[in-house]
Structure formats: structure tokens, C-alpha cells
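Here is the naming used below: chain letters follow the sequence lines, and residue numbers restart at 1 for every chain. Since the structure is predicted, the reported quantities are computational estimates derived from the model, not experimental observations.
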Number of protein chains: 2
Amino acid sequence: MSQVAARAGVSVMTVSYTYNRVDRVSAESREKVLQAAAELGYAGPDPAARSLRYGNTRTLGVILGEHLTYAFDNPQAVTFLAGIAEVCADRGYGMLIVPIAGGAEDSLRVSEVAVDAFIIWTTTDDDPVLDAVSGSGRPAVIHGGPVRAGFKLVSIDNRAAAFAMGMKTFAGAHRPAILSFPLDSSRKTVLAAGIDPDTVRFPVTRQRLLGYRDAIEALGLDWNDVVVGATATNNEGEARSLAETMFALEQPIDAIAAMSDDLALGVLDAATSAQLTVPETLSVSGWDNSRASALHQLSSVAQNLRAQGALAARLALGEEPGLAPDDWSVVVRASTGEPATQRTEHGNTPIRRMGANREPFVRSDGLS
Amino acid sequence: MSQVAARAGVSVMTVSYTYNRVDRVSAESREKVLQAAAELGYAGPDPAARSLRYGNTRTLGVILGEHLTYAFDNPQAVTFLAGIAEVCADRGYGMLIVPIAGGAEDSLRVSEVAVDAFIIWTTTDDDPVLDAVSGSGRPAVIHGGPVRAGFKLVSIDNRAAAFAMGMKTFAGAHRPAILSFPLDSSRKTVLAAGIDPDTVRFPVTRQRLLGYRDAIEALGLDWNDVVVGATATNNEGEARSLAETMFALEQPIDAIAAMSDDLALGVLDAATSAQLTVPETLSVSGWDNSRASALHQLSSVAQNLRAQGALAARLALGEEPGLAPDDWSVVVRASTGEPATQRTEHGNTPIRRMGANREPFVRSDGLS
DNA sequence: CTGTTAGCGCGTTCAA
DNA sequence: TTGAACGCGCTAACAG
């Protein structure tokens with residue numbers, strides 16, 4: 001910039017004004033500056049120097065769980081991102097995906113990143129990245145959990161939603177099962193009965209397990225008999241093989257609540273192969289009310305992740321909107337054997353709402 | 001940092017060394033510094049100041065087409081992003097999504113963003129954002145096109161791929177049609193015959209139209225009779241209604257090549273409603289070989305967008321890998337009426353490869 | 001309308 | 001092993 005000033009025969013401030021306060025510069029000077037800039041290939045004020053000077057970056061940092069590689073394979077995370085992007089585009093804020101790779105250097109990355117605030121897609125309770133975010137002293141909004149002092153939370157009440165869907169899915173079942181997200185960071189595939197939800201370090205997964213357990217108990221069934229299958233990733237194929245194993249058990253499973261539509265679709269697939277009729281001999285439910293769930297008449301928990309992303313972004317920007325702008329609902333379709341009380345046309349599925357939040361949608365404190 | 005130094009009773013440089021060159025500081029001083037930092041709530045060197053000093057940001061800028069809002073709804077763009085993310089996570093680079101909202105301020109945003117290089121998801125030939133990127137003087141890699149001096153290009157040969165798929169889709173057809181991405185930035189829904197591909201400002205769309213036209217002509221059909229439908233977005237529902245219109249034409253369409261699997265699935269849907277049998281009375285093909293395409297026995301052009309994203313990131317980082325690491329192929333399934341020469345099991349579909357690139361995969365010059 | 005001064009927070013250079 | 005000086009490029013505040 002000083003070079004431009006020299007070449008234009010003006011002071012540095014005139015150059016600065018040319019880019020920032022056009023009205024404070026005479027047309028004549030402006031011309032000279034622009035000319036000199038063009039000749040020197042000067043592209044305007046350096047963003048890094050500006051950030052330093054202004055003390056802000058006009059950028060939001062987004063931390064996508066424990067490992068970036070899986071994040072984009074997860075349609076839920078992507079929808080959430082779309083919501084953030086919407087707000088960022090509107091406000092002219094950059095959206096910086098923080099390079100989290102599951103290693104020790106992740107914390108370093110968090111503190112090395114030039115952003116004004118963080119938005120965190122749900123991770124484990126004890127993820128060291130969360131400490132790094134706290135330590136950075138910058139505002140943070142977390143989606144799903146864990147709840148942390150100083151972090152704002154955007155989440156539906158997963159426990160209540162799982163309970164509501166569990167009541168639909170497990171009604172009349174004798175041998176219910178659950179298809180879960182990973183139970184810990186090792187992401188090992190697991191198939192076991194009587195799992196203690198409180199040992200699970202992923203808050204969203206834990207809350208959903210607790211909700212399903214609530215339903216199991218409300219229906220007079222024994223949680224210790226309930227088989228929980230956990231897949232390494234949110235993958236339909238993996239769900240299919242896990243479901244096949246479930247069908248081959250001595251007392252075959254007759255109801256499966258899955259934590260995502262992808263997993264549930266894998267179950268439907270396995271059911272077809274095993275010649276089980278849905279919902280007569282197998283009741284199935286998913287989560288997130290995807291297009292595919294509508295297409296396959298799969299009952300599913302609906303929530304608006306895009307709106308949640310947008311809300312998280314507004315909170316991160318300190319815009320502090322009102323609370324509870326969104327909610328969850330249970331969409332009942334044929335897969336859980338309810339009488340179809342509504343037309344469920346392909347691509348135009350009316351949604352039946354039921355259940356209500358026990359907790360406010362946005363919290364900045366509380367227990368998980 | 002100077003405050004920390006004062007409190008620790010050392011010089012500023014000792015503090016700096018504590019964070020950057022641990023070996024140049026005695027354990028004793030280090031202790032004092034860390035102590036002081038903790039007391040003051042100092043979170044380590046400021047990223048913005050660091051970028052200024054180092055002259056780089058360790059961040060890649062990603063420009064997702066003309067408007068950020070649509071980008072995350074596009075599974076192809078998301079897959080490409082996943083590839084970029086993979087490389088960024090590995091190298092510890094941030095990935096900054098530039099807030100493009102379709103307005104005049106977009107160019108400003110590009111120059112205001114603190115990144116070392118840009119990766120651009122395909123846009124129109126005349127998008128002013130491209131000028132802003134050029135003007136910024138930072139390296140840029142563009143996916144799909146347009147080709148520009150100074151920009152590296154990562155792309156398959158869309159024209160060749162469209163030709164190959166056109167030959168399959170239109171073989172034996174009397175009344176072929178094309179379901180296209182938008183023809184211009186207005187994104188108006190269009191249904192017309194004899195469209196001149198060269199008027200289309202989206203390079204990828206243009207190349208594919210050219211390739212389909214090549215096939216039409218190679219098959220002895222008249223391009224002026226070929227109906228092209230263009231949807232406003234990559235949306236299955238929109239494709240369905242456009243297909244329905246096509247089926248209602250005086251001379252009903254008997255072959256449709258679609259530029260995405262989503263669009264093709266909309267066609268299949270409409271065909272079912274119209275009681276058309278595929279492929280006997282209607283031949284259909286899609287693009288990108290999605291899971292859904294395999295599920296619905298839809299012929300599709302396969303390409304590895306994730307690998308292309310990773311390649312684009314490596315090129316942007318100046319790692320200059322070898323050329324042509326990937327390729328496209330035509331996956332023939334039942335929807336184009338070829339005799340099924342392979343088992344096409346659900347979720348485990350073998351891919352028949354055919355066709356070859358006419359151009360190298362990576363180019364940094366050439367015509368579009 | 002334009003110029004001068006000062007400092008954002010850091011790290012390289014050179015000296016001690 | 002540590003310190004002092006300097007400048008990375010920019011802009012707020014205050015002259016003029």
C-alpha cells in the first residue's frame with residue numbers, strides 16, 4: 001500500500017481511504033491511486049492486516065465432530081452446514097471449516113484459526129477440542145451437545161423425541177432392538193443387550209438411547225433384553241448386515257428403532273431379503289425424515305436441521321434471536337404399522353405432529 | 001503477549017519462543033510464561049497477527065458457484081467439498097467457504113477474505129467473481145470450468161462423457177430429449193427444442209449439451225427436433241413435472257438423458273405415473289452414479305468427485321501432483337435397455353467401464 | 001480533502 | 001538462552 005501511495009504521489013491514508021471511505025477522497029486522487037494500484041498489481045487492502053487492525057475476522061469457525069473426513073458423508077451434518085451457510089452468505093461472513101483430523105494437533109488448530117466465534121457439531125463429552133475452544137476465549141455454539149459452561153446449545157430434546165418414536169416403534173413388539181450411532185470414539189461395531197446409556201460419551205446418542213429406554217420401560221418391556229446394534233459409520237450397508245444378524249438371533253427381533261433414516265433403510269433392505277413383512281412382522285423407524293424415508297414409507301423423527309444451523313450461526317454472531325424457533329415431530333408412516341390416517345404421497349408427504357419438547361430449544365446451561 | 005511478558009518478568013520474545021520454539025526457552029522461563037498466560041487468560045499467539053507476520057494464512061478459500069444457498073443442496077458439490085476437506089484436514093489447512101450470495105458485493109468478499117488460494121466450483125463464463133479472484137493475485141483452481149488464463153482446471157471431459165452416454169440413451173430412439181441444468185443465471189425453467197449449446201454460459205452444462213448433440217448427430221437424428229428441458233434447481237420434483245410435460249407432447253418423448261441422477265429419478269417417477277415401461281418405451285440415463293441410481297437400475301455417468309476435490313486442493317496448495325489421476329465411465333444398467341451383461345446387485349453394483357477421455361484430466365489452459 | 005502519528009500482535013534479525 | 005529494535009500492512013484519531 002505504501003508503494004501505491006508513493007507511486008500515486010499521495011499519502012498512505014489517501015490510498016486507504018480510496019478503498020474504505022470513497023467519499024473522503026477527491027475524484028482526482030482516487031484516479032491516481034487506482035491507476036497506481038493497477039500498475040503495481042495491488043489488489044486492495046490485505047485481509048490479514050485488516051483483521052489485525054480491526055480485531056475481528058468476519059469469519060465463523062465450524063468444527064465438524066471428531067473427524068472432518070466423515071462429516072460430509074453425513075447428510076444431517078451437511079444440512080446443518082447449509083443453515084450456517086445461509087446466514088453467513090447473508091451477513092457476508094466467511095465460514096471456516098476447522099481441520100479436525102482426530103489427532104493431538106486438533107487443539108492446536110483450533111487456537112491457530114482466525115475466526116470470531118465457533119460453531120460445533122456434536123462430539124463426545126470429553127473431546128479435548130472443546131477445551132481448546134473454551135481456552136480460545138471466543139464465543140461458541142454447540143449443536144446437540146455436550147452442554148458446557150460458556151457454550152450456547154442448539155438442540156432438540158433428543159430424549160423426548162426418541163421416547164415418542166420408541167412408543168410407536170415398539171408398540172406390540174416382543175423383541176425390540178435399536179440401531180445406534182457409535183457408542184464411543186473407537187467407533188467399533190457393537191451388538192449387545194442391556195447397554196447402559198449413561199456410559200455413552202456422545203450426548204445425542206446417549207439422549208436417544210435414554211429416550212428409547214424410557215419407551216421400553218413405559219411399554220412394560222425389559223431394557224436388559226433389548227439388543228443395541230451400533231454401526232461404525234452412518235452407513236446403510238453396515239446397518240443391513242447388523243439387521244441380518246439380528247434376524248438370525250434365537251429370538252428374532254420384531255421391532256427396530258434406528259437413529260437415522262440411512263440406518264433404517266438398511267434394515268428395510270435386510271427385511272426384504274429375509275422376507276419379513278413390514279410392519280406386520282417387523283416394525284421399523286428412522287430419524288430425520290429424509291426424502292428416502294417418505295419414499296419408503298418409513299416412520300421417522302422430523303427436525304429442521306437447516307433452521308438449527310441458521311440459528312446456531314445467528315447465536316454465534318451474537319444476534320441472540322428468540323428461543324424455541326423450531327421443534328421436532330414424529331412422522332408416522334406405514335413402517336410402524338399405524339393405520340395410515342393421512343395420504344402420504346411421494347414427494348408431498350403431510351406430516352402429523354405429535355409430542356412436544358420438555359426443554360426449551362436453546363439453552364446455555366443445564367445438564368445433559 | 002506483552003502483558004504476559006511483563007507479568008512473567010521476561011521479554012516478549014521469550015513468550016513468543018514459548019509458543020513457537022519450545023527448545024529455545026529454558027524450562028524455568030517456560031513455566032513462568034505459561035503461568036502468567038494462564039492467569040491472564042492468554043490463549044496463545046493471535047492468528048491474525050501471525051498471518052500478517054508470516055504472510056500466509058494456511059487456509060484455502062472455496063467458492064461454491066453463484067450462490068451459497070444452493071450449493072449444499074447439491075450432492076455433487078458436497079462430494080467435491082468432502083475431497084477438499086480430506087486434504088485440508090490432513091495438511092492442517094482451514095477451508096474457508098466464501099460467502100457468495102449472488103450480489104454485487106460478492107467480488108468484494110473475495111478480495112476481503114484471508115486465504116492463500118481459491119478453489120472454485122463451476123460457475124458461468126462471465127461470473128464477475130472470477131475477475132475478483134484473478135484480481136486478488138492468488139492461485140486458483142476451478143472445477144468443471146470455465147477455463148481461464150492463470151486458473152488450473154480440474155474436470156472430466158464432460159463432452160466426451162455426454163457423447164458416450166448419449167449413444168447409449170438415444171440408441172433406437174425416435175424422439176429423444178434432454179433434461180438439463182439451468183441454461184443461464186436466471187435459472188428459469190425452460191422447455192424448448194433446437195437449443196444452441198454454445199449460448200449456454202455454464203461450461204459444464206454447455207459441454208454436456210454438446211456431447212449429447214454429438215451423439216444425436218452420430219445416430220442420424222436431427223438436433224433441431226430434440227427437446228431440452230432445463231430445471232431451475234437440481235430437484236427431482238421439478239424434473240418429474242418437466243418429464244410429465246414431455247410425455248404429453250404430440251410426439252411423446254421416448255428417451256431422456258438427464259444431467260444428474262436426481263433429475264433422472266424424477267423422470268423414472270413420472271414414467272411410472274404415466275405407465276411407461278423403462279426401457280422398452282422410455283430410455284433414461286442420469287449422471288454421477290449415485291447410490292439411488294444403482295438402486296433404481298438407472299444407467300449413469302460415473303466420476304469420482306471426491307477425488308477431484310482432493311486433487312483440486314492439492315493443486316491449490318501447489319503440490320502439483322501428476323496428471324489424469326481419475327476418469328469418467330458409463331455405467332450401463334437396465335434403464336437404457338442394454339442387455340444386462342453383469343449382475344447388478346443392490347449396493348454392490350459392478351461397473352462396466354467404457355469410453356475414454358479425449359483430453360487430459362488436468363489442464364491449465366485450452367479452450368472450453 | 002489530505003497528511004502525520006501511533007499501534008494492532010507478532011516474529012525475524014541481530015546483538016548481548 | 002534472552003533481549004531490543006524493527007516492520008509485516010493497515011486504519012483510527014487527530015491535526016492541518
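- Shown here is B/E105, whose CD atom has more than 12 heavy atoms of other residues, nucleotides or ligands within 6.0 Å.
- Between A/T14 and the phosphate of C/dG3, there is a side-chain N or O to OP1/OP2 separation shorter than 4.0 Å.
- Protein atom OH of B/Y17 is 12 Å distant from nucleotide atom C1' of C/dC10, rounded to whole Å.
- In terms of heavy atoms, B/A36 sits closest to B/V4 at CB-O, 3.8 Å.
- Only B/L52, B/R53, listed by number, bring a heavy atom of residues 46-59 of chain B to less than 4.0 angstrom from any atom of DNA chain D.
- A salt bridge links B/E112 to A/R50: at least one charged side-chain nitrogen sits closer than 4.0 Å to a carboxylate oxygen.
- Contacts of B/V12 with the nucleic acid, taken as non-hydrogen atoms under 4.0 Å apart, are absent.
- One finds a side-chain N or O of B/S16 lying less than 4.0 angstrom from the OP1 or OP2 phosphate oxygen of C/dG11.
- Note on B/D127 versus B/R201: no salt bridge recorded, every NZ/NE/NH1/NH2 to OD/OE distance being 4.0 Å or above.
- You'll find the ring centres of B/F80 and A/F72 outside the 6.0 Å limit.
- Contact check of residues 27-42 of chain A against DNA chain C (heavy atom, cut-off under 4.0 Å) returns A/S29.
- At whole-Å resolution of the value, CZ in B/R24 and P in C/dA16 are 18 Å apart.
- Remark: P of D/dG7 and CD of A/Q3 are 15 Å apart, rounded to the nearest angstrom.
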- Item | Step-by-step salt bridge (Lys or Arg N to Asp or Glu O under 4.0 Å) determination, A/R306 to B/D73 | CA-CA 11 Å; A/R306 184 166 184 136; B/D73 299 332; 3.2 Å; yes
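- Within the 4.0 angstrom heavy-atom criterion, base atoms lie near A/M1.
- Listed candidates were D/dT11, C/dT12, C/dT2. Nearest to the side chain of A/P45 is D/dT11.
- Side-chain proximity of A/M13 to C/dT12, D/dA13, D/dT2: nearest is D/dA13.
- When side chains are defined from C-beta on, B/L317 counts as touching B/R91, because their heavy atoms get closer than 4.5 Å.
- Contact check for B/P203 versus B/D125: side-chain heavy atoms found under the 4.5 Å cut-off.
- Salt-bridge check for B/D131 with B/R148: passed, with a basic side-chain N closer than 4.0 Å to an acidic carboxylate O.
- Taking only side-chain atoms of B/R21, from C-beta outward, the nucleotide of D/dG3, C/dT12, C/dG11 with the closest atom is C/dT12.
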